[in-house]
Amino acid sequence: MPPNLTGYYRFVSQENMDNYLRALDINVVLRKLVCLLKPDKEIIHTGDHMVIRTITSLRDYVMDFHLGVQFEEDLGPVDGRKCQTTVSWEGDQLVCEQLGEKRNRGWRHWLEGDQLHLRMTAEDEVCVQVFQKVK
């Protein structure tokens, strides 16, 4: 049975965000700004329904979805694109596939103790973020 990811998580660290954003064709000014942000995550996980909020001082981003059901995701606040997105479990990892203009786009969430890990991919770039559960 997959873990329940419900909780509030504070930013701990990230690696390779600038190159990941470059792969998404984000301009240099916005890349520098995003690399300075320390986002928090709030996840509400109820059965096959999930809401994942990424909370920053600049803007929040909310994903509201049902596991295994493809939906159109508006990534306008991120890079101006729309994707056909499906989120499902692969073992203990929550896996998101975002089909659209960019190859190999998506992410994975998993827990290691009280830490939430996020691995984001676009093209050949990988960015990893770590968050600490606080409640």
Side-chain angles (χ1 to χ4, degrees):
M1 178 171 219
N4 188 311
L5 300 179
T6 295
Y8 194 92
Y9 303 85
R10 292 229 186 269
F11 177 84
V12 173
S13 65
Q14 71 186 7
E15 297 175 15
N16 205 38
M17 179 60 85
D18 189 64
N19 287 334
Y20 167 76
L21 295 171
R22 186 176 291 131
L24 292 174
D25 301 322
I26 305 297
N27 71 61
V28 67
V29 173
L30 188 53
R31 284 198 325 261
K32 297 303 177 194
L33 178 62
V34 170
C35 287
L36 294 174
L37 296 174
K38 293 177 174 33
D40 287 346
K41 293 275 184 182
E42 180 180 37
I43 301 176
I44 301 167
H45 180 180
T46 310
D48 285 343
H49 179 250
M50 295 186 82
V51 177
I52 300 176
R53 286 183 58 220
T54 302
I55 303 158
T56 72
S57 57
L58 183 63
R59 173 182 290 171
D60 294 353
Y61 181 73
V62 179
M63 279 186 78
D64 187 334
F65 58 91
H66 290 275
L67 294 165
V69 178
Q70 188 176 72
F71 64 97
E72 183 174 81
E73 182 179 8
D74 184 354
L75 292 162
V78 179
D79 67 356
R81 294 184 173 90
K82 291 186 180 183
C83 294
Q84 292 303 310
T85 300
T86 306
V87 183
S88 56
W89 289 105
E90 284 184 15
D92 286 347
Q93 294 190 6
L94 187 64
V95 178
C96 175
E97 181 179 30
Q98 297 167 315
L99 301 175
E101 295 175 34
K102 291 297 181 174
R103 179 181 54 81
N104 192 34
R105 185 169 186 175
W107 51 258
R108 292 176 175 265
H109 273 301
W110 69 94
L111 290 173
E112 290 182 13
D114 281 345
Q115 289 192 325
L116 178 72
H117 292 256
L118 171 59
R119 180 181 188 269
M120 298 178 287
T121 59
E123 300 290 332
D124 295 321
E125 294 299 334
V126 176
C127 173
V128 177
Q129 293 181 322
V130 178
F131 303 85
Q132 181 67 46
K133 188 171 188 176
V134 293
K135 53 180 167 173

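Numbering starts at 1 and runs along the sequence shown.
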Interatomic distance, [X] atom [atom1] to [Y] atom [atom2] [nearest 0.5 angstrom]:
| X | Y | atom1 | atom2 | result |
| --- | --- | --- | --- | --- |
| Asn4 | Ile43 | CG | CD1 | 9.5 Å |
| His49 | Leu67 | NE2 | CG | 9.5 Å |
| Cys127 | Met17 | SG | CE | 4.0 Å |
| Tyr9 | Gln129 | OH | CD | 14.5 Å |
| Thr6 | His45 | OG1 | NE2 | 6.5 Å |

>> List the residues meeting side chain to side chain contact (heavy atoms under 4.5 Å, CB included) with Asp92, not counting sequence neighbours, and say none if there are none.
In response: Pro3

Cluster check [X], [Y]: I/L/V/M/F/W/Y, side chain < 4.5 angstrom:
| X | Y | result |
| --- | --- | --- |
| Trp89 | Phe71 | yes |
| Leu58 | Val29 | no |
| Tyr61 | Val87 | yes |

Contact summary for [X] and [Y], nearest pair of heavy atoms:
| X | Y | answer |
| --- | --- | --- |
| Met63 | Cys96 | CE-SG, 4.4 Å |
| Trp107 | Leu94 | CZ3-O, 3.8 Å |
| Arg81 | Asp25 | NH2-OD2, 3.0 Å |

> Given Leu75 and Arg105, is the side-chain contact (heavy atoms from CB on, under 4.5 Å) satisfied, shown in steps?
Replying inline: CA-CA 12 Å; Leu75 292 162; Arg105 185 169 186 175; 3.4 Å; yes

Side-chain atoms of residues 111-122: list all donor-acceptor pairs with protein atoms under 3.5 Å, sequence neighbours left out, distances to 0.1 Å.
from: Glu112; atom 1: OE2; to: Trp110; atom 2: NE1; distance (Å): 2.9
from: Gln115; atom 1: NE2; to: Gln132; atom 2: OE1; distance (Å): 3.4
from: Thr121; atom 1: OG1; to: Asn104; atom 2: O; distance (Å): 2.8

Atom [atom1] of [X]: over 12 foreign heavy atoms under 6.0 Å:
| X | atom1 | result |
| --- | --- | --- |
| Glu15 | CD | no |
| Gln70 | CD | yes |
| Arg59 | CZ | no |

Donor-acceptor pairs are to be reported for all side-chain atoms of residues 30-41 against protein atoms at under 3.5 Å, with residues two or more places apart or in another chain.
from: Arg31; atom 1: NE; to: Asp18; atom 2: OD1; distance (Å): 3.0
from: Arg31; atom 1: NH1; to: Ile26; atom 2: O; distance (Å): 2.9
from: Asp40; atom 1: OD1; to: Phe11; atom 2: N; distance (Å): 3.3
from: Asp40; atom 1: OD2; to: Tyr8; atom 2: OH; distance (Å): 2.9
from: Asp40; atom 1: OD2; to: Arg10; atom 2: NH1; distance (Å): 2.6
from: Lys41; atom 1: NZ; to: Thr54; atom 2: OG1; distance (Å): 2.8

> Quick check: does any side chain N or O of Asp48 sit under 3.5 Å from a backbone N or O of His66, one acting as donor and the other as acceptor?
Replying inline: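 Absent.
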
>> For Ala23, is there any backbone N or O sitting under 3.5 Å from a side-chain donor or acceptor partner on Lys102?
In response: yes

>> Checking Arg22 against Glu125 for the side-chain contact (heavy atoms from CB on, under 4.5 Å) test, could you report, in this order, the C-alpha distance in whole Å, the side-chain angles of both residues, the deciding distance, and whether it holds?
In response: CA-CA 9 Å; Arg22 186 176 291 131; Glu125 294 299 334; over 6 Å; no

>> As a quick check of understanding, evaluate side-chain contact (heavy atoms from CB on, under 4.5 Å) for Ile52 and Phe65, giving each step before the final call.
In response: CA-CA 9 Å; Ile52 300 176; Phe65 58 91; 4.0 Å; yes

>> Run Asp124 and Arg103 through side-chain contact (heavy atoms from CB on, under 4.5 Å) and show every step you take.
In response: CA-CA 8 Å; Asp124 295 321; Arg103 179 181 54 81; 3.1 Å; yes

> Is any side-chain heavy atom of Val62 closer than 4.5 Å to a side-chain heavy atom of Val51?
Replying inline: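 Touching, per the 4.5 Å side-chain cut-off.
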
